[in-house]
Amino acid sequence: MTDLTPAWDEALIKLGGHLYQSRAWAAFQEVQGRGVLAEAGKGWSWLGAVRQGRGGIRYLYAAYGPTVQGAALEPAVHSMVAAARDARADFVRLEPLGDATAEGMRQLGARAVGDMQPKHRLQLDITPDEAELRRAISSSNRNLINTAAARGLAFVVSADPGLIEEHLQMQKETAARGGFKPHAPAYYRAMVDTFLPMGVGRIYRAEREGHAIASAICLDFGGTRYYVEAATHPDLNREHKGAIALLWWMILDAKAKGLDRFDYGGVAPDDQPGHPWAGHTRFKKSVGGEMITSIGTWELPVRPAKYAVYRLAQKLVRS
């Protein structure tokens, strides 16, 4: 991996970069057996992992990267392509943040593809005082939050990676009820084993009489708390309404620690009420926040012939 010093994160924060471009995220990629590459220049930086796809395809992927300011998109993309070529990758996959535009990507020869990381995210400014933050919460959820203690709910913060096992059981129940497919359990075990000892992440739980009702993994970086993963025991949560209280407690905890923003993660676009994430989006928006939209996921071939075969194979799989 490129040797990343603390100065990397300092520069990334000044650019307005995402957690997924940080040194901590690089460590998580390495734990998963992926080589990490990174480079920075005037007004830009990127960090990416070399991944293996089906059919022997190899690509360099920068999740929510590169981060660019001003007219820095072109040198950032050229840097990624050069690094991918040196790493014997067949294409680059990138998700520029900052002053990048779709037209700028097309002019560089990139093509838009299906989103890997969500294009639409919800983010809450948590710098106002608590009373003002409460006013943005829907009245029904405000009542559930206000009466959480009376219902016997307690907020627990832990750095114990062992709690991931109950979280995974909740996730299994939540996924079965919601019809979605999460990452493999090994992914989340690697996540907590990496981030919790670093102090970057914690497991947050809403408990009643010592039993978990809802659980979440959050990661803190650059003044932002990222709501990375959440799950509940569905029947218990329906009875005791722990998830909404947990979300609010995590926001207040982030504020108490001096953070500025709470990033809820991906949400459905406003014009798609039938989107699979519509229910989760309503839940997140019920506590307030502002939609942030990026230009999505793009690919740029490094070895055009092999990339063309890969794209054809992708079409055949989907047909």
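When reading the values below, keep in mind they use all heavy atoms of this one structure, side chains included, and skip hydrogens, waters and symmetry mates. Remember, predicted model here, so these are calculated numbers, not experimental data.
Residues Q123 and D263 have side chains that bring a donor and an acceptor to within less than 3.5 angstrom of each other. With 3.5 Å as the limit, one finds no donor-acceptor pair spanning the side chains of E95 and Y20. Judged purely by distance below 3.5 Å, without hydrogens or angles, the side chains of E229 and H183 never pair a donor atom with an acceptor atom.
Between the side chain of K284 and the backbone N or O of L122, no donor-acceptor pair lies under 3.5 Å. In this structure, the side chain of R58 engages the main chain of A87 through a donor-acceptor pair within 3.5 Å. Between the side chain of R93 and the backbone N or O of T297 there is no donor-acceptor pair closer than 3.5 Å. In this structure, the side chain of R261 engages the main chain of G222 through a donor-acceptor pair within 3.5 Å.
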Between R134 and E130, is a salt bridge (Lys or Arg N to Asp or Glu O under 4.0 Å) present by the stated rule, with each step listed?
-> CA-CA 6 Å; R134 280 180 175 273; E130 182 179 341; 3.1 Å; yes

List the steps, then state whether side chain to side chain contact (heavy atoms under 4.5 Å, CB included) holds for T232 with S215.
-> CA-CA 6 Å; T232 66; S215 175; over 6 Å; no

Please assess D270 against H120 for the test side chain to side chain contact (heavy atoms under 4.5 Å, CB included), listing each intermediate value before the final yes or no.
-> CA-CA 10 Å; D270 291 333; H120 307 282; over 6 Å; no

Show your working on side chain to side chain donor-acceptor pair (under 3.5 Å) between S79 and W46 and close with a plain yes or no.
-> CA-CA 9 Å; S79 170; W46 62 265; 2.9 Å; yes

In sequence, state the C-alpha distance, the side-chain angles, and the governing distance for F195 and Y226, and then conclude on ring-ring contact (aromatic ring centres under 6.0 Å, His included).
-> CA-CA 13 Å; F195 292 118; Y226 293 89; over 10 Å; no

Could you walk me through whether R177 and T174 pass the side chain to side chain contact (heavy atoms under 4.5 Å, CB included) check?
-> CA-CA 5 Å; R177 192 71 60 93; T174 305; 5.8 Å; no

Please assess Q169 against E173 for the test side chain to side chain contact (heavy atoms under 4.5 Å, CB included), listing each intermediate value before the final yes or no.
-> CA-CA 6 Å; Q169 178 57 43; E173 297 172 16; 3.2 Å; yes

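The heavy-atom pair separating G70 from D99 by the smallest distance is N-OD2, 2.6 Å. The two residues K306 and D90 make their nearest non-hydrogen contact at CD-OD1, 3.1 Å. Nearest heavy atom pair, residue S45 against residue Q21, reads O-OE1, 4.3 Å. Contact between Y264 and G288 at its shortest, heavy atoms only, is OH-O, 2.6 Å. Listed here is the closest heavy atom pair of N237 and A243: OD1-N, 2.8 Å. Residues Y188 and P182 share a closest heavy-atom pair of OH-CB, 3.7 Å.
Within the 4.5 Å cutoff, the side chain of R106 has no heavy atoms near those of the R111 side chain. Between T101 and M105, every side-chain heavy-atom pair lies at or beyond the 4.5 Å cut-off. Residues M191 and I164 form no side-chain contact, since every pair of their non-hydrogen atoms from C-beta on lies 4.5 Å or further apart. When side chains are defined from C-beta on, N141 does not count as touching W248, because their heavy atoms never get closer than 4.5 Å. A 4.5 Å side-chain heavy-atom check between W25 and V36 finds every atom pair outside the cut-off. Here the side chains of H167 and I217 are in contact, with some heavy-atom distance below 4.5 Å. In this structure, the side chains of D260 and T224 stay at 4.5 Å or more apart for every pair of heavy atoms. Looking at heavy atoms from C-beta onward, T281 lies in side-chain contact with K285 at the 4.5 angstrom threshold.
By the 30° and 60° cut-offs, the orientation of the rings of F155 relative to Y204 is parallel.
Atom CD of residue E209 and atom NE2 of residue H240 lie 7.5 Å apart, to the nearest 0.5 angstrom. Distance NZ/K241 to CD/E239: 8.5 Å, rounded to 0.5 Å. Rounding to the nearest 0.5 Å gives a distance of 12.0 Å between CG of L144 and CG of L247. Here CG of D115 is found 7.0 Å from OG of S294. Values are rounded to the nearest 0.5 Å.
Both F28 and L12 are assigned to one and the same hydrophobic cluster, defined by single-linkage of ILVMFWY side chains at heavy-atom distances under 4.5 Å. Taking hydrophobic clusters as Ile, Leu, Val, Met, Phe, Trp and Tyr residues chained together by side-chain heavy-atom distances below 4.5 Å, V77 shares a cluster with W298. A chain of hydrophobic side-chain contacts below 4.5 Å, direct or via other Ile, Leu, Val, Met, Phe, Trp or Tyr residues, connects M250 to F283.
The neighbour count for H275 NE2, taken as heavy atoms of other residues, nucleotides or ligands under 6.0 Å away, is above 12. No more than 12 heavy atoms of other residues, nucleotides or ligands shown are found within 6.0 angstrom of CD on E290.
Judged as a ring pair (Phe, Tyr, Trp, His ring centres under 6.0 Å), not a single pair has a partner in residues 66-87 (not counting sequence neighbours). Residue pairs meeting the ring pair (Phe, Tyr, Trp, His ring centres under 6.0 Å) criterion with at least one partner in residues 86-110, sequence neighbours excluded, are Y59-F91, F91-Y307, F91-Y310.
A salt bridge does not link D160 with R205: none of the charged nitrogens is closer than 4.0 Å to a carboxylate oxygen. By the 4.0 Å N-to-carboxylate-O rule, D253 lies close enough to R225 to be salt-bridged with it. Salt-bridge formation is detected for the pair E299/R311: a Lys NZ or Arg NE/NH1/NH2 atom is positioned less than 4.0 Å from an Asp or Glu carboxylate oxygen.
Judged by a 6.0 Å distance limit and a 45° cone about the ring axis, R121 is positioned over the six-membered ring of Y64.
Annotation: H18 is not in aromatic contact with F221 [ring centroid separation under 6.0 Å not met].
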